[in-house]
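Have a look at this one.
Both counts, for ligands and for their atoms, begin at 1 and track the order of listing.
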Amino acid sequence: MPAMFITLAKNLKSTPRPVADDPRWARIVARDKSADGEFWYSVATTGVYCRPSCPSRRANPKNVQLHDTLDKAQATGFRPCRRCNPDGPSLEAGNAAMVADACRRIERSEEEPSLVELAAAAGRSPGYFHRVFRAVTGLTPKDYAAAHRAARIRQGLEDGASVTAAIYDAGFNSSGRFYEKSTSMLGMTPTRYRAGGAYEEIRFAVGESSLGAILVASSQKGVASILLGDDPDTLVRDLQDRFPKARLIGGDRDYEALVARVVGFVEVPALGLDLPLDLRGTAFQQRVWQALQDIPVGSTVSYAEIAERIGAPKATRAIAAACAANTLAVAIPCHRVIRKDGALSGYAWGAERKRALLDREAAPRELGSVKAPDIAAYRSSRA
Ligand SMILES: [Zn+2]
């Protein structure tokens, strides 16, 4: 081959095409999680490199360079982004597989496996295993086992067994212990659940988060409520008040998985919540809520700024009312709206929770660093 041709071919190959025209750019714009591990990108203006799904504010493609491998991204000399932890693309996937494996092990066992047994099977220390399990599922292994038993009880109830027989079949040796926990597992008492087989419209379940109890409810259209509070029963009554004509049904196991995703999102808002939302409000409220969703994680705006953004500069009070009417805590981030003078102002789910959410968004945590929630400590810190 003539030397000149080789030179030409080399030049053709190395001619950079604008990043904005590269199909990989669209995946960065979409924060496509499935692209993680396939390529990385670096941003000259900020000096960091990221994985494609990074939740940070989008860079100008003119300042972006794409890298086929992690090595090449690292070779830029830039630092790894703290938001998306680009050096650990396989960690999340590996943890998810480990946790899925442990879940199957719990489901297969007659006797609930101990934490030490589960950790040994995963080849991890009990402390690490417990933390990762909690971060991935939103539940402790013990709670997961309890939820699994509750699912078996529900199955028993649906098959027509008596409440007592269903409880004993599922391995609870004292019905008193079951009743203690039943509200948070079934979303309502067993007898009511049994009578409520016809309820169909709103599914819900109550879980625990580091911010206390969390109720998640969905219609056919999507997640319709995320409520935070100290007491699960109060949240369920609150849900009934907010949807007075709806038939409420306790969530099944699939639904508990969705609740776990919402809990994970509440713990680490930067993860994003890729679930459809069912927004119920007036056209004005919907405009406000849309504007709230456009406030990036980690920043705050004033009521007056929201009023400007939706083209209703005099409507500050109505904006505050629309924030108060929000039924989707964190997903519609009304906690990111503060007073012009910087004061926190109110929050439907308590000023302490608003402060806690803003604090954690200001200092984002990686998923792996999320500790199991210590609700007792949270409560005493509020006392
Ligand atoms: Zn990043």
Side-chain angles (χ1 to χ4, degrees), residues 16-99 128 131-132 134-136 138 210 260-275 292-301 330-333 335-336 356-371:
R17 78 161 141 179
V19 166
D21 296 342
D22 191 303
R24 290 175 292 181
W25 177 245
R27 302 181 75 183
I28 292 170
V29 171
R31 292 174 180 157
D32 179 357
K33 284 197 174 74
S34 71
D36 290 350
E38 285 182 26
F39 66 94
W40 287 258
Y41 70 95
S42 58
V43 186
T45 40
T46 54
V48 300
Y49 60 94
C50 289
R51 54 168 122 192
S53 73
C54 181
S56 297
R57 191 137 67 103
R58 193 185 311 141
N60 183 331
K62 289 199 176 90
N63 303 321
V64 166
Q65 231 193 317
L66 301 168
H67 310 283
D68 299 333
T69 65
L70 180 58
D71 284 351
K72 286 179 186 165
Q74 287 165 337
T76 57
F78 293 164
R79 58 184 175 76
C81 168
R82 278 195 305 221
R83 296 283 296 277
C84 65
N85 187 23
D87 293 340
S90 61
L91 181 67
E92 212 162 276
N95 283 345
M98 176 183 89
V99 169
Y128 180 86
R131 205 160 58 241
V132 170
R134 178 67 182 73
V136 171
S210 58
R261 280 170 74 189
V262 174
V263 172
F265 164 69
V266 168
E267 301 298 349
V268 188
L271 286 176
L273 184 67
D274 53 348
L275 295 170
L292 297 183
Q293 286 182 277
D294 292 339
I295 309 170
V297 176
S299 52
T300 55
V301 301
V330 191
I332 306 270
H335 61 279
R336 293 182 200 140
L357 280 165
L358 291 175
D359 283 350
R360 71 173 55 164
E361 290 183 8
R365 303 173 297 176
E366 297 296 344
L367 183 60
S369 74
V370 176
K371 298 224 165 63

Practice task
Can you see which heavy atom on P61 is nearest to which on V19, and at what distance?
Solution key: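 Looks like O-CB, 3.7 Å.
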Exercise for the section: Please report the shortest heavy-atom distance between V330 and H335, naming the atom on each side. Expected result: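 So the minimum-distance heavy-atom pair works out to CA-CE1, 3.9 Å.
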Handout entry: Shortest non-hydrogen separation from R51 to P86 and the atoms involved
Key =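 Residues R51 and P86, closest heavy atoms: N-CB, 3.8 Å.
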Exercise for the section: Apply the side chain to side chain contact (heavy atoms under 4.5 Å, CB included) test between F39 and each candidate in L70, I28, T69; give the one that qualifies. Expected result: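 Passing option: I28.
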Handout entry: Stepwise side-chain contact (heavy atoms from CB on, under 4.5 Å) test for R83 and V48
Key = CA-CA 10 Å; R83 296 283 296 277; V48 300; over 6 Å; no
Exercise for the section: Would you list the protein N, O or S atoms within less than 2.8 Å of the Zn ion (ligand 1), leaving out water? Expected result: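 Those protein N, O or S atoms (cut-off: under 2.8 Å from the Zn ion (ligand 1)) are C50 SG, C54 SG, C81 SG, C84 SG.
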Practice task
Measure the shortest side-chain to side-chain distance between L66 and Y41 over non-hydrogen atoms and say whether it is less than 4.5 angstrom.
Solution key: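 A side-chain contact under 4.5 Å exists here.
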